[in-house]
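Worksheet: the structure to be examined is printed underneath.
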Amino acid sequence: MLVTLSLRFTVVFIKRLTLTILSKSLNLTREEGEKWIANLIKETKMDAKIDESEGTVILNHTHNSVYQQVIEKTKGLSFKANQILATALKQDNVQ
C-alpha cells in the first residue's frame, strides 16, 4: 500500500520511468519489476502503460475538473452525514 501511494505521488512529478531503475529501487529483477508494475497499473486502474521496446513506464496525468472534484467531495460528505444520522437514530431508539 505504501509503495502504491509513493508511486502515485511520483506520478505528479514524473512522466516516464525506466523499468530498470524502478525495479532496482523495488529490489526486484527487471522482469519481476515489470510484472509487479503491470499488476499495480491493472489493480489501481492507474492511467499508465509499459513500453517494452524502450523499457519505460509511461505515466499519464489525469486532472479532474473542479466540477468533478466537487461532485466527489459531495458524495463523501453525503455518505458521512448518512452514517452520523443512522448512528444518532440508533442511540435515540436505545434511550
Please name the pair of heavy atoms, one in Gly33 and one in Ser23, separated by the smallest distance, quoted to 0.1 Å.
CA-OG, 3.3 Å
Check ion pair Glu34-Arg30 (N to O, under 4.0 angstrom)
yes
Asn27 CG to Glu32 CD distance, which is reported to the nearest 0.5 Å:
10.5 Å
What I'd like to find out is whether the side chain of Ile21 reaches to under 4.5 Å of the side chain of Thr18, using heavy atoms alone.
yes
Expected output: side-chain Glu43 to main-chain Leu40 donor-acceptor under 3.5 Å:
no
May I ask you to test the Glu52-Ile50 pair for a side-chain heavy-atom distance under 4.5 Å?
yes
Grouping I, L, V, M, F, W and Y whenever their side-chain heavy atoms are under 4.5 Å apart, do Leu22 and Ile58 come out in a common cluster?
no
Side-chain heavy atoms of Thr56 within contact of Leu19, under 4.5 Å
no
